Amino acid sequence: MTFREYLSDRMERLIIETVFAAAAAGFLVAAGTAAGVVVILLIAWLATAVGMLLFDYYQCRIRLQELWAVMDGLDEKYLFAECVTKGRSIYERKLLELSRRAGKSMIRAVSDAREAQREYQEYVESWVHEIKTPMTAAELVCRNADAKTRQKLLPELAQIQAHVERALFYARAGSAEKDILVREVDLAEVVAQAIGNHRMLLIESGIRVETEQIEQNVYTDAKWAAFLLGQLLQNAARYRSEHPVVTLSGRQLGKQVQLAVSDNGIGIPAHEQPRVFDRGFTGQNGRARGGSTGMGLYLCRRVAGCLEADLWLSSEEGRGTTVTITFPAKENLTKL
């Protein structure tokens, strides 16, 4: 708190005190008190008032510094009123008491919200595990069906599996770091896993997948990195061109490794590109082709953040899109 702010807060009281001092001086002059005595009294009052003002400002400033120190030392800021020392005045103690009551109410609300979130997460995780059984059974039935039926249903089952994975990650989004194990992995194996998970979708979409220089080691979580690449492959299939090709190319960038996922699809209009990572944003292509949730790239950005990887996108309408992932160097990791 600056002295100017302090004066601004006390301005009303200062004006009232000045008016009363002027009135008292006028009364003394009217009562016949010598002008010199009145001046001396006014000087004494002014010195006393300024001294008290400075002392009060100093006390307020020290107290605020103490309170800020308590606040800065807390991870859970809403516990401030519970941790602060006893108020120095009755007014301050009453304010702190009100803050404690409000804080307790908020703590109950936060606890209830966390409990509800935990129950929802447990339900989704349980649902994901339960849904895998009928999905596996349906896939086995499809494999025993005729070729035409198998060709129609297997890609749809693959899409269901992709949506289930999204639901699981989104349910864990608040604590995704707990499910991530970053270690040195083979990038080629991660790419192979992502392609294998979406093989039927890629075949059904007629997409040719090419890889270049992916025989490199990166620091990441193989499962979530494959999930991220899977979202990009799904986008490439959804927004494919007449002769679709997806290229996954790696390159060394100092101690980091970059992986570029490029397609020759319909691309993204320039005015939409700043918003493609927003949750729920579908764009004109998503609305035109239908079925888009606007969650794919949003989840990609979230996963990349959890993996401490950089992710950015470039696209040219009618010519394709490239998403580049930069995996971190070992010494830059905080989760290893």
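All figures in this text were calculated on a predicted structure; none of them were measured in a lab.
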Nearest 0.5 Å please: distance from the CZ atom of R279 over to the CZ atom of R302. 9.0 Å
Please indicate whether R93 has more than 12 foreign heavy atoms, meaning atoms of other residues, nucleotides or ligands, lying under 6.0 Å from its CZ. yes
Please step through side-chain contact (heavy atoms from CB on, under 4.5 Å) for the pair T326 and L311, ending with a clear verdict. CA-CA 6 Å; T326 303; L311 182 147; over 6 Å; no
When you measure from the side chain of T18 to the backbone N and O of L14, does any donor-acceptor pair fall under 3.5 Å? yes
Heavy atoms only: give me the nearest Y219-K330 pair and the separation to one decimal. OH-CD, 3.3 Å
Got a donor-acceptor contact below 3.5 angstrom from the E5 side chain to the T2 backbone? yes
What distance do T48 atom OG1 and L53 atom CG have between them, rounded to the nearest 0.5 Å? 12.0 Å
Between S315 and I268 (side chain of the first, backbone of the second, donor and acceptor by atom type, cut-off under 3.5 Å), is there such a pair? yes
Could you walk me through whether V246 and L232 pass the side-chain contact (heavy atoms from CB on, under 4.5 Å) check? CA-CA 10 Å; V246 175; L232 300 179; over 6 Å; no
Are there over 12 heavy-atom neighbours, none belonging to E12, within less than 6.0 Å of that residue's CD? no
Looking only at heavy atoms, what is the nearest atom pair of G250 and L259, with distance? N-CD1, 4.1 Å
Taking a hydrophobic cluster as the set of Ile, Leu, Val, Met, Phe, Trp and Tyr residues connected by side-chain heavy atoms closer than 4.5 Å, whether directly or through intermediates, do V323 and L253 fall within one such cluster? no
Flag, side chain of R61 to backbone of Y58, donor-acceptor distance under 3.5 Å: no
Roughly how far, to the nearest 0.5 Å, is the CG atom of N217 from the CG atom of L187? 8.5 Å
Just checking R100: does its CZ atom have more than 12 heavy atoms from other residues, nucleotides or ligands closer to it than 6.0 angstrom? yes
According to side-chain contact (heavy atoms from CB on, under 4.5 Å), who are the partners of A188, at least two apart in sequence or on a separate chain? D186, I214
Whether the side chain of T33 engages the backbone of V38 through a donor-acceptor N/O pair (distance < 3.5 Å, no angle test) should be reported. no
How long is the span from the CG atom in L307 to the CZ atom in F327, to the nearest 0.5 Å? 7.5 Å
Using a strict cut-off of less than 4.0 Å between a Lys/Arg side-chain nitrogen and an Asp/Glu carboxylate oxygen, indicate whether E66 and R63 qualify as a salt bridge. yes
Non-hydrogen side-chain atoms of V182 and E308 separated by less than 4.5 Å: no
Quick one: CG on D263 to OG1 on T321, what's the gap to the nearest 0.5 Å? 5.0 Å
Are I266 and V245 linked, directly or through other ILVMFWY residues, by side chains that come within less than 4.5 angstrom of each other? no
Hey, is the main chain of Q193 close enough, under 3.5 Å, to the side chain of N197 for a donor-acceptor pair? yes
Qualifying residue, where the test is side chain to side chain contact (heavy atoms under 4.5 Å, CB included) with D221 and the options are L228, V303, L181: L181
Any link between W45 and V19 through a network of hydrophobic side chains (Ile, Leu, Val, Met, Phe, Trp, Tyr) touching at under 4.5 Å? no
Minimum heavy-atom separation for C60 and R10, please, with both atom names. SG-NH2, 3.7 Å
Give, for atom CD1 of I62 and atom CD of Q65, the distance between the pair rounded to the nearest 0.5 Å. 4.5 Å
Heavy atoms only: give me the nearest I207-A237 pair and the separation to one decimal. CD1-CA, 3.4 Å
In terms of hydrophobic clustering (I, L, V, M, F, W, Y; side-chain heavy atoms under 4.5 Å; direct or indirect links), are V218 and I180 co-clustered? yes
Locate the shortest heavy-atom distance separating P244 from S241; write the atom from each residue and the value. CD-O, 3.5 Å
Determine whether F281 and L297 satisfy the following criterion, side-chain contact (heavy atoms from CB on, under 4.5 Å), listing intermediate values before the conclusion. CA-CA 9 Å; F281 179 74; L297 288 176; over 6 Å; no
In the single-linkage hydrophobic clustering (I, L, V, M, F, W, Y; side-chain heavy atoms under 4.5 Å), do L46 and L42 co-cluster? no
Looking at every non-hydrogen atom in both residues, tell me the closest pair between I325 and A309 and how far apart they are. CG2-CB, 4.2 Å
Hey, mind stepping through E212 and S262 against side-chain contact (heavy atoms from CB on, under 4.5 Å) and telling me if it holds? CA-CA 11 Å; E212 300 174 357; S262 305; over 6 Å; no
